[in-house]
Amino acid sequence: MHTQVLKSRLCWRAFRSHKEQLKNYYQALLPLLDKPLNQVPMVAVDLEMTGLDAAFDQILSIGLVPIRDGQLVLAQAQHKLVKIDGSVGQSATIHGILDNHLKQALTPEAAMEWFLEATLGKVLVAHHAPLDLAFLQNGLTSLLGEKVSLIAIDTLAVERKRLLRQHEVLKEGSLRLGACRDRYHLPIYAAHNALIDALACGELLLAQVASISGTEQVKAAELIG
């Protein structure tokens, strides 16, 4: 039932879209929903932003790590810095990106074009996906001139469901990326770098799927919120 709802949404978005680029983006996802996860091209994504409000804050960097055949494709991982209006301000204390780092960065428009091309025909994977998707949707909407709605596998939501099924008490901070990885005995990485966090998210997804039932039994649509 969930798969059919997702397919209907994507079909409707493709039908409503006036941009061929966006129409193709939606349509490329349709055949992936029914497939076992190990047959689905995916890409882990993470952003660094000037803040957490997609209505006012801006994207500073985007990290992408492809996942193919149940493996992270590190040779094709990409990281892009993005120009902003104004200064990074106090947010630099979180992500370490300074104003002078952005001198050769992509424009927001170029970054969104790159993102569309790099993720075409791939299911997005993110930790706390609604936050990243809100920023990406705003950027794509500005670029294309029409509302964009993205779908993704949210590793935070996957972990929440898994813990609740086990009747675990969800303590504050227990669903943060590092805390989730720790439950699978994954290594500790430095946080707040878009590429490293995308890698960490991709590794977490593979560990989660292996814990659930193995990639051959889990279909993409089952994990998409």
Side-chain angles (χ1 to χ4, degrees), residues 42-65 77-102 105-116 118-119 123-144 147-161 163-164 170-183 186 188-205 208 223-225:
M42 296 180 285
V43 59
V45 57
D46 188 79
L47 311 179
E48 292 302 327
M49 301 86 74
T50 57
L52 300 178
D53 189 337
F56 299 100
D57 293 308
Q58 302 172 73
I59 297 173
L60 287 165
S61 67
I62 306 173
L64 298 178
V65 179
Q78 299 185 71
H79 180 248
K80 302 292 184 182
L81 294 173
V82 185
K83 290 182 184 293
I84 61 169
D85 290 329
S87 170
V88 299
Q90 292 300 310
S91 70
T93 61
I94 303 296
H95 47 67
I97 299 172
L98 305 176
D99 291 335
N100 66 313
H101 294 158
L102 302 179
L106 297 177
T107 65
E109 295 77 16
M112 291 300 98
E113 289 278 6
W114 165 76
F115 175 82
L116 277 178
T119 62
V123 172
L124 302 179
V125 180
H127 195 75
H128 191 16
L131 178 63
D132 290 325
L133 294 189
F135 278 87
L136 291 167
Q137 287 166 171
N138 284 354
L140 292 168
T141 296
S142 295
L143 171 70
L144 299 171
K147 184 178 178 180
V148 176
S149 296
L150 301 173
I151 61 172
I153 295 172
D154 183 356
T155 49
L156 185 152
V158 172
E159 190 67 5
R160 181 194 291 117
K161 290 178 183 177
L163 293 176
L164 290 175
L170 299 181
K171 298 178 182 179
E172 183 177 354
S174 64
L175 293 175
R176 290 176 180 164
L177 181 56
C180 292
R181 286 175 57 83
D182 187 57
R183 279 189 287 273
L186 294 169
I188 297 173
Y189 293 152
H192 302 300
N193 173 282
L195 185 58
I196 293 174
D197 284 348
L199 170 62
C201 175
E203 287 181 344
L204 175 59
L205 175 68
Q208 287 173 325
L223 297 184
I224 295 173

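Note that the coordinates shown come from a computational prediction; the quantities given were computed from them, not determined experimentally.
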Please report the shortest heavy-atom distance between [X] and [Y], naming the atom on each side.
| X | Y | value |
| --- | --- | --- |
| Asp99 | Ser87 | OD2-OG, 2.8 Å |
| Leu52 | Leu131 | O-CD1, 3.5 Å |
| Ile62 | Ala194 | C-CB, 3.9 Å |
| Ala198 | Ala44 | O-CB, 3.2 Å |
| His101 | Gly96 | CE1-O, 3.5 Å |
| Ala179 | Gly173 | CB-O, 3.4 Å |

Is a side-chain N or O of [X] found less than 3.5 angstrom from the main chain of [Y], in a donor-acceptor match?
| X | Y | result |
| --- | --- | --- |
| Thr141 | Val148 | yes |
| His128 | Leu175 | no |
| Thr50 | Asp57 | no |
| Asp197 | His192 | yes |

More than 12 heavy atoms from other groups under 6.0 Å of CG on Asp85: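 Open.
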Whether over 12 other heavy atoms sit under 6.0 Å from Leu98 CG: yes
Side chains of [X] and [Y]: closer than 4.5 Å at any heavy-atom pair?
| X | Y | result |
| --- | --- | --- |
| Ser174 | Arg183 | yes |
| Lys161 | Leu164 | no |
| Leu177 | Tyr189 | no |
| Val43 | Val65 | no |
| Glu159 | Leu170 | no |
| Leu140 | Leu150 | yes |
| Asp132 | Met49 | yes |
| Cys180 | Thr155 | no |

What is the distance from atom [atom1] of [X] to atom [atom2] of [Y], rounded to the nearest 0.5 Å?
| X | Y | atom1 | atom2 | answer |
| --- | --- | --- | --- | --- |
| Asp154 | Leu205 | CG | CG | 10.5 Å |
| Leu143 | Asn138 | CG | CG | 12.5 Å |
| Leu195 | Asp46 | CG | CG | 9.0 Å |
| Gln208 | Leu156 | CD | CG | 9.0 Å |
| Ile188 | Asp182 | CD1 | CG | 6.5 Å |

Leu144/Leu116 under side chain to side chain contact (heavy atoms under 4.5 Å, CB included): CA gap, chis, key distance, verdict: CA-CA 11 Å; Leu144 299 171; Leu116 277 178; 4.2 Å; yes
Candidate pair Leu136 and Met112, rule side chain to side chain contact (heavy atoms under 4.5 Å, CB included), full reasoning: CA-CA 8 Å; Leu136 291 167; Met112 291 300 98; 4.0 Å; yes
The single option from Ile84, Val82, Leu81 passing side chain to side chain contact (heavy atoms under 4.5 Å, CB included) against Ile97: Leu81
Step-by-step side chain to side chain contact (heavy atoms under 4.5 Å, CB included) determination, Leu223 to Val123: CA-CA 11 Å; Leu223 297 184; Val123 172; over 6 Å; no
Audit row: Ile59, Phe115, side chain to side chain contact (heavy atoms under 4.5 Å, CB included) steps and yes/no: CA-CA 12 Å; Ile59 297 173; Phe115 175 82; over 6 Å; no
